[in-house]
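Below: the structure, in structure tokens.
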Amino acid sequence: MMTLEELYQTGRKVVTGSLTFTAEDIIRFARNFDPQPFHVDEEQARHSLFGRLCASGWHTSAGWMQCFLRFWKEEARRLAAEGLHAPKLGPSPGFKELRWLKPVYAGDTITYAVTLLEARIVASRPGWRINTILCEGENQHGEPVIRFESKVIEFA
């Protein structure tokens with residue numbers, strides 16, 4: 001079985017996918033998870049500091065995870081077709097430095113990426129590794145909209 005560090009060179013950015021945020025998706029997500037007026041009502045959003053309907057930062061974050069999981073599923077299939085075993089990734093013990101850098105407006109397409117920053121062996125857990133990854137997204141104009149650093153457990 002490969003390790004994440006063997007699969008992806010430290011410091012190399014890998015695009016994981018893109019997601020277009022429609023007004024309907026923004027409103028649906030916000031009604032359930034972040035019902036602030038500028039996320040659920042186009043008219044009220046026009047009179048907010050954002051000037052128009054925009055996605056919740058949590059929606060933008062969930063989009064990163066959606067694209068990453070789709071990407072990872074395809075990566076595992078690709079590796080299996082080559083006779084290789086993808087690293088077993090587990091949960092994240094946390095993240096830090098979450099930044100919503102620019103609003104994501106209805107109609108924006110966000111392209112998400114991941115960069116392996118560090119991989120270390122967990123001395124107290126044989127076969128475990130902790131990977132530090134940089135998670136990012138930028139809109140169709142190449143402007144950064146989200147950035148955070150996350151830890152991911154890897155099992156042998």
Side-chain angles (χ1 to χ4, degrees), residues 2-82 84 86-87 89-119 130-154:
M2 301 182 77
T3 66
L4 208 57
E5 190 174 30
E6 291 169 330
L7 189 57
Y8 302 109
Q9 179 184 4
T10 301
R12 188 180 122 227
K13 182 187 272 191
V14 178
V15 172
T16 59
S18 296
L19 186 64
T20 299
F21 287 74
T22 67
E24 296 79 18
D25 290 337
I26 288 170
I27 292 168
R28 183 176 28 258
F29 184 95
R31 280 187 181 145
N32 287 317
F33 304 108
D34 191 358
Q36 297 183 72
F38 42 82
H39 297 320
V40 296
D41 185 286
E42 292 192 51
E43 181 60 31
Q44 288 189 48
R46 273 194 281 283
H47 300 289
S48 75
L49 70 106
F50 297 111
R52 60 186 200 246
L53 188 70
C54 65
S56 165
W58 298 114
H59 190 179
T60 308
S61 301
W64 186 92
M65 183 58 78
Q66 179 183 354
C67 286
F68 179 78
L69 290 176
R70 187 181 317 129
F71 165 80
W72 191 247
K73 185 177 181 181
E74 289 304 313
E75 271 297 86
R77 282 190 192 140
R78 179 185 69 80
L79 290 168
E82 295 176 17
L84 302 170
L89 302 182
S92 170
F95 66 92
K96 66 180 185 177
E97 302 296 325
L98 173 60
R99 301 275 192 258
W100 295 312
L101 304 165
K102 188 169 183 63
V104 172
Y105 294 108
D108 280 353
T109 297
I110 308 306
T111 298
Y112 294 101
V114 63
T115 304
L116 178 64
L117 299 177
E118 177 186 49
I130 297 285
N131 298 293
T132 304
I133 57 174
L134 177 63
C135 309
E136 300 174 282
E138 61 181 40
N139 65 21
Q140 66 274 11
H141 306 294
E143 300 166 320
V145 299
I146 186 172
R147 181 178 296 126
F148 61 98
E149 194 175 290
S150 183
K151 303 282 187 185
V152 178
I153 299 173
E154 180 180 331

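Predicted, not measured: the structure shown is a model, and the values here were computed from it. Position 1 is the first residue of the sequence, and the numbers go up from there.
When the side-chain hydrogen bond (donor to acceptor under 3.5 Å, both in side chains) test is applied to Q44, no partner is found at least two apart in sequence or on another chain. A search for side-chain hydrogen bond (donor to acceptor under 3.5 Å, both in side chains) contacts involving E138 returns nothing, not counting sequence neighbours. Considering only residues two or more places apart in sequence or on other chains, S48 meets the side-chain hydrogen bond (donor to acceptor under 3.5 Å, both in side chains) condition with none of them. Listed by chain and number, the residues in a side-chain hydrogen bond (donor to acceptor under 3.5 Å, both in side chains) with K73 amount to none (sequence neighbours excluded).
Here the straight-line distance linking atom CZ of F148 with atom CD1 of I133 works out to 7.0 Å at 0.5 Å rounding. The structure places OG1 of T115 at 11.0 Å from CD of E149, a figure rounded to the nearest 0.5 Å. Note that CG of L53 is 12.0 Å distant from CZ of F21, once rounded to the nearest 0.5 Å. Remark: E82 CD to L84 CG distance equals 5.5 Å, nearest 0.5 Å. Atom SG of C135 sits about 8.0 Å away from atom CZ of F68, to the nearest 0.5 Å. Annotation: the span from Q36 atom CD to C54 atom SG amounts to 9.0 Å, rounded to 0.5 Å.
Residue A113 comes nearest to T16 through the heavy atom pair N-OG1, 3.9 Å, listed as atom of the first residue, atom of the second, then distance. Between K102 and P144, the shortest heavy-atom contact is CB-O, 3.6 Å. Taking every heavy atom of both residues into account, L117 and T10 meet most closely at O-CG2, 3.2 Å. Closest approach of P103 and D108 over heavy atoms only: O-OD2, 3.9 Å. Between T111 and S18, the shortest heavy-atom distance links the atoms OG1-OG, 2.8 Å. Taking every heavy atom of both residues into account, L19 and G63 meet most closely at CD2-CA, 3.7 Å.
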Show the numbers, then the answer: is there a side chain to side chain donor-acceptor pair (under 3.5 Å) between K151 and T132?
CA-CA 5 Å; K151 303 282 187 185; T132 304; 2.8 Å; yes
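No more than 12 heavy atoms of other residues, nucleotides or ligands sit less than 6.0 Å from atom CE of M65. The environment of F95 atom CZ is sparse: at most 12 non-hydrogen atoms of other residues, nucleotides or ligands sit within 6.0 angstrom.
The shortest distance between side-chain heavy atoms of W58 and F33 does not fall below 4.5 Å. Annotation: side chain of I130 is in contact with side chain of I153 (closest heavy-atom distance under 4.5 Å). Proximity of Y112 to I146: side-chain heavy atoms (C-beta onward) are separated by under 4.5 Å at one or more points. Contact check for L101 versus V145: no side-chain heavy atoms found under the 4.5 Å cut-off. In this structure, the side chains of Y8 and V114 stay at 4.5 Å or more apart for every pair of heavy atoms.
The backbone N or O of L4 sits less than 3.5 Å from a side-chain atom of E154, completing a donor-acceptor pair.
Residue pairs meeting the salt bridge (charged side-chain N to carboxylate O under 4.0 Å, His left out) criterion with at least one partner in residues 32-48, sequence neighbours excluded, are E43-R46. Sequence neighbours left out, the pairs with a member in residues 59-72 that pass side-chain hydrogen bond (donor to acceptor under 3.5 Å, both in side chains) are S61-W100.
Classification of R78 and E74 as a salt-bridged pair fails, no side-chain N sitting under 4.0 Å from a carboxylate O.
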